[in-house]
Structure formats: structure tokens, C-alpha cells
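Data block below; observations after.
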Amino acid sequence: MTFALVDGNNFYASVEAIFQIALRGKPLVVLSNNDGCAIARSAEAKALGIKMGQPAHELRGLVRSHGLLMRSANFTLYGDMSARVLAILRDASPRVEPYSIDESFIDLSGVRDRIGFAKELRDRIRRWTGVPNCIGIGPTKTLAKAANKLAKRGPGVVDLTDTAARSAGLADFAVGDVWGVGPRWEAKLNALGIETAAALRDASPELIVGRFGVVLARTQRELQGYPCAGIEPTEPDRQQIMVSRSFGERVTDHAAVAEALATFAARATEKLRNGGLTAGAVWIFANSDVFRPELPQHHPSRAVTLPRPTMDTRGVLQAVSLLFRGFLRDGYAYKRAGVALLDLARPERLQPDMFRSAVAGDPALMATLDAINRRFGRGTAEFAATGWRTNPVWAMRQRNVSPRYTTRWAELPSVAC
DNA sequence: TCTGGGGTCCTAGGACCC
DNA sequence: TCTGGGGTCCTAGGACCC
């Protein structure tokens with residue numbers, strides 16, 4: 001088999017710069033929700049030493065001294081650009097596995113001129129969407145990921161299919177950069193004298209499986225060129241759906257937190273229906289401000305199994321409202337909350353009841369609700385429990401968010417002549 | 001003043017069954 | 001001296017990914 005990994009460079013930052021020419025060639029970071037920390041950096045921002053996840057308030061100085069630019073996250077825009085790249089990939093290869101918002105594996109088996117194919121594809125993505133990208137090729141997913149990392153160092157396309165190319169590529173490849181090796185395992189491997197991908201590949205398999213388990217043993221096999229995973233073109237059903245947010249400020253009003261939870265629950269149930277699933281249980285949590293340890297801390301969480309699985313927002317809201325009774329305490333300020341839907345299942349696989357259908361709720365009503373919101377925009381028809389169209393105290397802070405250029409007519413980019 | 005929001009898989013241990 | 005041999009299910013925790 002031959003795998004290719006196509007990965008957008010500095011994806012969020014690059015997408016911002018596609019539509020705002022003034023951002024090109026500048027140090028730019030995209031901030032997380034609430035403008036909290038850096039989640040994407042342009043090449044120029046990386047050169048300034050800005051780290052992934054670095055808090056925004058630590059970057060103030062660079063704004064003044066080096067003209068650093070900051071943008072609030074605009075996931076609507078990034079998601080749409082991601083879909084455009086995906087359409088090009090599906091056109092180029094019969095088997096595509098979207099892996100994240102900016103990465104996909106594609107099956108290159110049977111392609112003779114791999115490098116030529118990849119270079120052509122890379123250019124096409126760039127020309128048709130504006131998204132700069134790199135392509136790594138290898139006989140396993142792990143090697144394609146490694147090749148992609150090498151491609152980002154300059155060449156744009158790297159093929160690790162040949163054993164000679166592979167040996168050279170893995171010899172000075174830090175083991176912590178291998179896909180599946182996180183900071184913990186990197187430290188543990190280094191302590192054992194294993195510092196490069198080549199060293200991990202050549203280590204004793206008994207040592208690896210004994211000290212780290214089967215997960216890293218698979219990674220080792222993949223580094224040796226034996227595929228342990230194939231392309232999965234259809235996404236497996238989700239096991240859980242979570243919607244959670246940090247609030248723009250600390251919130252002491254319990255009713256406001258209840259509205260936030262209802263809003264998250266409605267959003268989660270919408271995602272549930274998009275996936276064609278039902279939920280069997282609901283879980284809620286809230287956190288006080290963990291970054292202020294001197295303040296009183298309270299981190300409650302509760303779950304409940306639903307009487308019958310459902311995809312109806314009303315049933316989920318009822319469960320959340322039951323769970324919420326006595327959930328919060330006076331004297332605490334809450335900074336974050338969330339809702340998760342658990343025990344997800346396809347309705348056709350549920351065991352029916354002797355007297356009632358297996359699924360609670362009204363699918364037709366929910367389909368109508370979703371259709372209205374799809375056509376007229378999110379939030380056109382919602383539930384009162386969410387505090388619909390109020391300006392909530394818990395809303396996210398997003399000081400500098402770009403327009404949704406590709407998904408809202410009113411926000412289309414205009415070109416001056 | 002100020003620190004994201006999602007996911008997955010594996011393993012160990014405890015409770016319980018016969 | 002010496003204390004079976006299977007199982008299942010659930011949960012918590014730890015690791016990883018973007």
C-alpha cells in the first residue's frame with residue numbers, strides 16, 4: 001500500500017491570509033475561543049518564538065515591538081475552506097480519509113509517478129483554494145506523517161517509500177516528532193537512549209511492548225514499513241458528543257449557567273442528528289476558574305441515563321434541567337461548563353419496546369427545526385431555555401474575528417477595481 | 001485583566017458471575 | 001507446606017491526536 005498525507009501549512013493562519021492580503025508575510029496568530037491563547041501561527045510568528053498554546057496576554061509585547069497581528073478563531077470559515085480542499089482530494093483519489101480539519105490521508109496505491117502526482121495535486125490545491133500545503137508519502141500512515149513533516153522543512157513533497165530514502169529521513173528525525181509519541185513517551189524513550197525515529201524502529205520489540213504497550217508497538221511496526229492501519233473512507237460513528245466553552249467572564253448567576261448549558265445541549269443534539277444518532281445518556285459539568293487557585297473552587301459534574309434514547313432536543317433539555325437542580329453552589333464563580341451526550345447509537349439498532357418505539361421524541365419536528373435553521377441561519381428557531389437572542393454574560397470574547405467570507409452572503413469579500 | 005475544545009484507545013483493578 | 005479457574009462489565013486514569 002502507499003499512503004499520502006496532505007496537510008495544510010499553518011492552516012488557520014493561512015486561511016486568514018487568503019482573504020486578507022495585508023496579513024500575508026506578516027507574523028500572525030489565530031487565537032482560541034475567548035481570545036485565550038495561540039492555536040495557529042504563521043511562519044513569521046513561529047520565527048518570533050511564539051509557542052503553540054501560548055497565552056495571548058504574553059504576546060502583547062510582540063504586537064508593539066514586532067507588529068504581531070492577532071485574529072479570533074473563525075471556525076465557520078476554516079471548516080468551509082477545509083471542505084473545498086477535501087473536494088479536490090476526492091476528485092484526485094478514490095479513497096480519501098479526512099483526519100482533521102487540515103489533514104487527509106489518501107490512497108496512492110498504483111500510482112507510478114508518486115512525486116509527480118503529489119506535486120501536481122499540491123499545486124492544484126494551492127491554485128484552486130489558496131491553501132498552502134505539503135504532501136508526505138510512505139508505505140504506512142506513520143511514515144506518511146513523518147514524510148509530511150520532512151516536506152514542511154522545505155521540499156513540499158517527500159516520499160519515504162524507498163528504504164534508502166527512509167533510512168536517511170528517519171536518522172535525524174526526533175522520536176518526539178513521530179506520530180503517536182507524545183511528551184511523556186518521548187521523555188521515557190529518551191531515558192532509554194532512544195532519541196530518533198530510526199532508533200525506535202530498531203529497538204527491541206519486547207522492550208517497546210513491555211514498557212509502553214501495544215499502541216507504541218504498532219507505531220514501531222509502522223516505522224519498519226508494515227502497515228497496521230488502512231485508509232478508512234467512512235467515518236465511524238461517534239461514541240460521544242461534547243459541547244463545552246469557557247465563558248468570557250466569571251459567572252455567579254446560576255440562571256445564566258443554566259442558559260449556557262441549555263445552549264450547549266441544543267447544539268450537541270443538533271450534531272447528534274447530523275450524525276443520524278440517538279443519545280442514551282446526558283452528562284453535564286461546570287468549573288470555577290482553574291487559573292485562579294486563590295478563588296474558591298467547585299467542579300461539579302453529573303450524569304443521567306435517559307428513560308429511552310432520543311434525538312429530540314426537548315428530552316435532552318429536560319434531562320439537563322433535572323441534573324441542574326442543586327448543581328451549583330452559592331459563593332462560587334463559574335468560568336466553564338459543558339454538556340456531553342453519551343451511549344450514542346443508530347436508532348435502527350436499538351431494541352424496541354413492547355408498547356412503544358425504541359426512540360423517544362419527534363424526529364419530524366426536529367427535522368423541521370434543523371431545516372429552518374439550515375435555511376435561515378443558526379438561531380432562527382431555538383428553545384427558550386437557551387435564553388434565545390439575549391446577550392448572555394457567559395458569551396465568548398472575540399475581539400477580532402474575520403468575516404465568514406465563504407458562507408454568508410452579507411460577508412462576501414469585495415474586490416476594489 | 002489574561003491560559004481552547006474537541007476526540008480516541010488501552011490498561012488495570014474492582015465487583016460480580018458460575 | 002497447602003487456598004481454582006474461568007469469565008463479564010464498569011470505571012478511572014493515562015496516554016495519545018488535532
Side-chain angles (χ1 to χ4, degrees), chain A residues 5-12 29-41 50-61 63 70-75 78-79 82 97-105 141-142 145 148-149 175-189 208-219 222 228-229 232 235-250 260 264 267-268 271 275 281 283 285 287-295 301 303 305 333 335-344 396-399:
Chain A
L5 179 73
V6 183
D7 186 327
N9 305 344
N10 316 324
F11 186 67
Y12 301 158
V29 297
V30 173
L31 301 175
S32 62
N33 282 332
N34 275 318
D35 295 344
C37 63
I39 55 170
R41 306 153 293 159
I50 296 170
K51 299 276 177 289
M52 189 73 172
Q54 196 169 348
H57 62 90
E58 291 178 9
L59 304 176
R60 286 293 140 69
V63 172
M70 304 209 260
R71 287 288 178 276
S72 305
N74 185 345
F75 291 108
Y78 312 147
S82 172
E97 178 186 332
Y99 177 65
S100 75
I101 193 165
D102 69 331
E103 292 175 60
S104 293
F105 288 103
K141 284 179 160 179
T142 302
K145 283 283 273 187
N148 192 284
K149 234 166 210 173
V175 75
D177 287 339
V178 172
W179 188 41
V181 178
R184 296 289 168 87
W185 286 357
E186 179 184 21
K188 205 166 150 187
L189 285 164
I208 297 302
V209 77
R211 303 267 190 123
F212 299 87
V214 299
V215 176
L216 193 64
R218 275 201 290 260
T219 298
E222 289 229 325
C228 298
E232 303 293 343
E235 206 181 335
D237 286 339
R238 299 239 156 287
Q239 298 176 28
Q240 59 171 60
I241 291 172
M242 169 139 62
V243 175
S244 73
R245 292 283 180 282
S246 293
F247 304 148
E249 53 188 84
R250 285 186 286 273
F264 303 157
R267 179 75 194 109
K271 289 187 182 182
W283 180 72
F285 74 90
N287 288 165
S288 47
D289 194 341
V290 294
F291 294 105
R292 288 283 164 276
E294 71 277 13
L295 297 176
S301 87
T305 301
K335 191 68 196 336
R336 178 179 155 85
V339 173
L341 303 177
L342 312 170
D343 292 349
L344 307 190
M396 287 192 298
R397 221 181 9 248
Q398 292 196 293
R399 291 210 179 84

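In the text below, chain A, chain B and the rest are named by the order of the sequence lines, each starting its count at 1.
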For K145(A), which contact category applies under a 4.0 Å heavy-atom criterion: base, sugar-phosphate, or nothing? sugar-phosphate

Compare side-chain N and O positions of R245(A) against OP1 and OP2 of dG6(B) and report whether any pair is under 4.0 Å apart. yes

Round to a whole Å and report the spacing from OH of Y99(A) to P of dC9(B). 12 Å

For E58(A), report the nucleic acid contact type (base, sugar-phosphate, nothing); a contact means any heavy atom under 4.0 Å. nothing

Under 4.0 angstrom between R250(A) side-chain N/O and dC2(B) OP1 or OP2: yes

May I have the distance from E222(A) (atom CD) to dC16(C) (atom P), rounded to whole angstrom? 17 Å

Nearest-nucleotide pick for Q239(A), side chain only, options being dT3(B), dC17(C), dT8(B): dT8(B)

To the nearest Å, how far apart are D343(A) CG and dC10(C) C1'? 12 Å

Heavy atoms only, 4.0 Å cut-off, all strands: where does K188(A) land among base, sugar-phosphate and nothing? nothing

State whether the side chain of E222(A) and the backbone N or O of T142(A) hold a donor-acceptor pair below 3.5 Å, judged by distance alone. yes

Sugar-phosphate only, base, or nothing, as touched by D35(A) at under 4.0 Å among non-hydrogen atoms: nothing

Would you indicate what I101(A) reaches in the nucleic acid, counting non-hydrogen atoms under 4.0 angstrom: base, sugar-phosphate, or nothing? nothing

Rounded to the nearest Å, what distance is computed from the CG atom of residue N34(A) to the C1' atom of nucleotide dT1(B)? 13 Å

Test item: E186(A) side-chain N/O and V181(A) main-chain N/O as donor-acceptor pair under 3.5 Å: no

Where the side chain of Q54(A) meets the backbone of A38(A), is there a donor-acceptor pair that is under 3.5 Å apart? no

To the nearest 0.5 Å, tell me how far N287(A) CG sits from K335(A) NZ. 11.0 Å

Please give, in whole Å, the distance from dC9(B) P to R238(A) CZ? 10 Å

Has D7(A) got a side-chain atom pairing as donor or acceptor with N148(A)'s backbone, closer than 3.5 angstrom? no

D102(A) side chain vs F11(A) backbone, donor-acceptor pair below 3.5 Å: no

Reckon P98(A) touches a base, only the sugar-phosphate, or nothing at all at heavy-atom distances under 4.0 Å? nothing

Once you apply a heavy-atom cut-off of 4.0 Å, does R336(A) come out as touching a base, just sugar-phosphate, or nothing? sugar-phosphate

Atom-pair distance (CZ on R184(A); C1' on dC17(C)), nearest Å: 15 Å

Would you indicate which nucleotide in dC16(C), dC2(B), dC9(B) comes nearest to any side-chain atom of R292(A)? dC2(B)

Determine: side-chain N/O of R60(A) to OP1/OP2 of dT1(B), distance under 4.0 Å, yes or no. no

Quick one: label V214(A) by what it contacts on the DNA or RNA (base, sugar-phosphate, nothing), any heavy atom closer than 4.0 Å. sugar-phosphate

Among dC2(B), dG7(B), dC18(C), which nucleotide has an atom closest to any side-chain atom of D102(A)? dC18(C)

Atom CZ of F105(A) and atom P of dC17(C): how far apart are they, to the nearest Å? 12 Å

Inter-residue atom distance D289(A).CG - F247(A).CZ, 0.5 Å rounding: 11.5 Å

side-chain N/O S100(A) vs dC17(C) OP1/OP2, d < 4.0 Å: no

Does Q240(A) reach a base, just sugar-phosphate, or nothing at all? Heavy atoms under 4.0 Å. sugar-phosphate

With a non-hydrogen cut-off below 4.0 angstrom, is F212(A) in contact with a base, only sugar-phosphate, or nothing? nothing

Testing dT3(B), dC16(C), dG6(B) for proximity to the side chain of C37(A), the answer is dT3(B)

Re dC18(B): Watson-Crick or G-U wobble partner, both distances kept under 3.5 Å, found to be dG5(C)

Select from H57(A) and S246(A) the residue whose nearest nucleotide in DNA chain B is closer to the 5' end of that strand. H57(A)

